[in-house]
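Structure, as structure tokens:
Residue numbers start from 1 in every chain, and the chains themselves are labelled A, B, ... in the order their sequence lines are given, proteins ahead of strands.
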Number of protein chains: 2
Amino acid sequence: MQENEKKNKKQDIYREAAKLFREKGYNAASMRDLAERVQLKASSLYSHIGSKEEILVKICFDNANHFIDGMEKVENMKGGAADKIKALLLLHIRTAIEETTAVTVFNDEWKHLSEPQLSEFVKLRKDYENRFRKIIKKGIDEGELKDLSAEIFLYSLLNSVYWLHNWYRPQGKIKPEQLEHDIVLMLMDGIINVRM
Amino acid sequence: MQENEKKNKKQDIYREAAKLFREKGYNAASMRDLAERVQLKASSLYSHIGSKEEILVKICFDNANHFIDGMEKVENMKGGAADKIKALLLLHIRTAIEETTAVTVFNDEWKHLSEPQLSEFVKLRKDYENRFRKIIKKGIDEGELKDLSAEIFLYSLLNSVYWLHNWYRPQGKIKPEQLEHDIVLMLMDGIINVRM
DNA sequence: GTCTATAACTTGATAGAC
DNA sequence: GTCTATCAAGTTATAGAC
């Protein structure tokens, strides 16, 4: 039972840390704040975790791996560039809804990683973006996508979904299904109403 | 001449502070870091500025006012929703190019403002977003824009341009004119190539 | 595992000589 | 205006009693 309680406490700490990092930013969030939230003294945290940065490292790399796994599935699926881009957008949207706090930390706080994890993280992120870019370029070459800059497509798409967590509230008026539908349609076909 | 030198030094400090806040984040950027960059000792900074936060406040509110001024011009111009949205996108794109560091701090570090400035800043930002939302809603009502969620349009548009500074390099391959052209076209008409 | 006490360090900001 | 010296408060993390 002890082992079980310890695990629950550890999960507690990670979950509350993610929330805290999100609210205040990694540097402004102190171990005393965190301890208070899980009803411990600061020093007791160190019976469960090794360091503050260890928490950040786990959140960042868990999420990076999640997106890279998703990318692998998309690369192996059948379909054209539009299908694959749509699948990637859904991956981002669903993750943002289901793992809001973790995604926030992953997106906003990774820069506070220290070496060598920082370089490793940047490498993973660049790898992900390269694979996304490749899909876009193929779509442009084959005429499925407009002949504009792949770079601009890539980052406009990513920016639209990267910071979803900053405004979307799962408890609000907009249902997840509508969110998915509208964002995908808008990025694919634009906001302009084309009259037939 | 003394007064002139002081002013230059003060500008120096503000400019280097923006860079530093951008690189490290507001909390991780120390006054000792900043002092070193402008070739002073930390204590000497206080002959030119009142506090660290004073710098953040100035950057945030200067930028907020810049965007609100832009919004006012757009509201008073002739044209439909598409024209106005295009004008606002260009405002964001051009500001991101010309004032990269300031926009970064404005976008990413405002949450470290303390009260009452924090509330005041959030109010300005909400005001800006409300006025943007109004333009989008009118466009939907009049059939100029697709009949999808105005909320989703608003934040997908804003997210696409808010974080431009994270990837766009003015010295890189993509010229500002192409950046403006491609982003606007993509957000207006989508990435899908429509064959006639 | 949790606590108190504390080490070792960094932070923003000030006092006062020059 | 710039410096040295310093303060008071905050930081992560550890030592050792229980």
(request) Select base, sugar-phosphate, or nothing to describe what A:S51 touches, counting heavy atoms under 4.0 Å on all strands. (result) sugar-phosphate
(request) Mark yes or no for a side-chain to base donor-acceptor pair under 3.5 Å between B:S43 and D:dT2, with no hydrogen or angle criteria applied. (result) no
(message) For a quick test of reading the model: is some side-chain N or O of B:S44 closer than 4.0 Å to OP1 or OP2 of D:dC3?
(response) yes
(message) Using a 6.0 Å distance limit plus a 45 degree cone around the ring axis, check whether B:R37 lies over the aromatic ring of B:Y14.
(response) no
(message) Would you say A:Y46 places a side-chain N or O within less than 4.0 Å of OP1 or OP2 belonging to D:dT14?
(response) no
(request) Report the distance from atom NZ of B:K9 to atom C1' of D:dC3, rounded to the nearest whole Å. (result) 14 Å
(message) I want to check a possible cation-pi pair here: B:K52 against B:Y26, using under 6.0 Å from ring centre and within 45° of the ring axis as the test.
(response) yes
(message) Is it the case that C:dG12 (base atoms only) and B:R32 (side chain only) share a donor and an acceptor within less than 3.5 Å, ignoring hydrogens and angles?
(response) yes
(message) In whole Å, I'd like the distance from the NE2 atom of B:H48 to the P atom of C:dA13.
(response) 15 Å
(message) Using the rule side-chain contact (heavy atoms from CB on, under 4.5 Å), only one of A:L187, A:L157, A:L90, A:V184 pairs with A:I85; which is it?
(response) A:L157
(request) Quickly work out the A:K24 NZ to D:dG10 P distance and round it to whole Å. (result) 12 Å
(request) Send over the distance from A:H112 NE2 to C:dT10 P, rounded to a whole Å. (result) 17 Å
(request) In whole angstrom, give the distance that lies between atom CD of A:E36 and atom P of D:dG10. (result) 13 Å
(request) Measure the distance from CD on A:E54 to C1' on D:dT12 and round it to the nearest whole Å. (result) 14 Å
(message) Taking the nucleotide of DNA chain D with the nearest heavy atom to each, does A:A28 or A:A42 sit closer to the 5' end?
(response) A:A28
(message) Under 4.0 Å, counting only non-hydrogen atoms across every strand here, what does A:L40 touch: a base, just sugar-phosphate, or nothing?
(response) sugar-phosphate
(message) Could you tell me how far apart B:K52 (NZ) and C:dT10 (P) are, to the nearest whole angstrom?
(response) 15 Å
(request) Please report, rounded to the nearest Å, how far the C1' atom of C:dG12 is from the CD1 atom of B:I55. (result) 12 Å
(message) Heavy atoms only, 4.0 Å cut-off, all strands: where does A:A35 land among base, sugar-phosphate and nothing?
(response) nothing
(message) Quick test of your reading of the model: are A:K58 and A:E54 salt-bridged, counting only N-O distances below 4.0 Å?
(response) no
(request) For the residue pair B:F121 and B:W110, categorise the inter-ring angle as parallel (less than 30°), tilted (30 to 60°) or perpendicular (more than 60°). (result) parallel
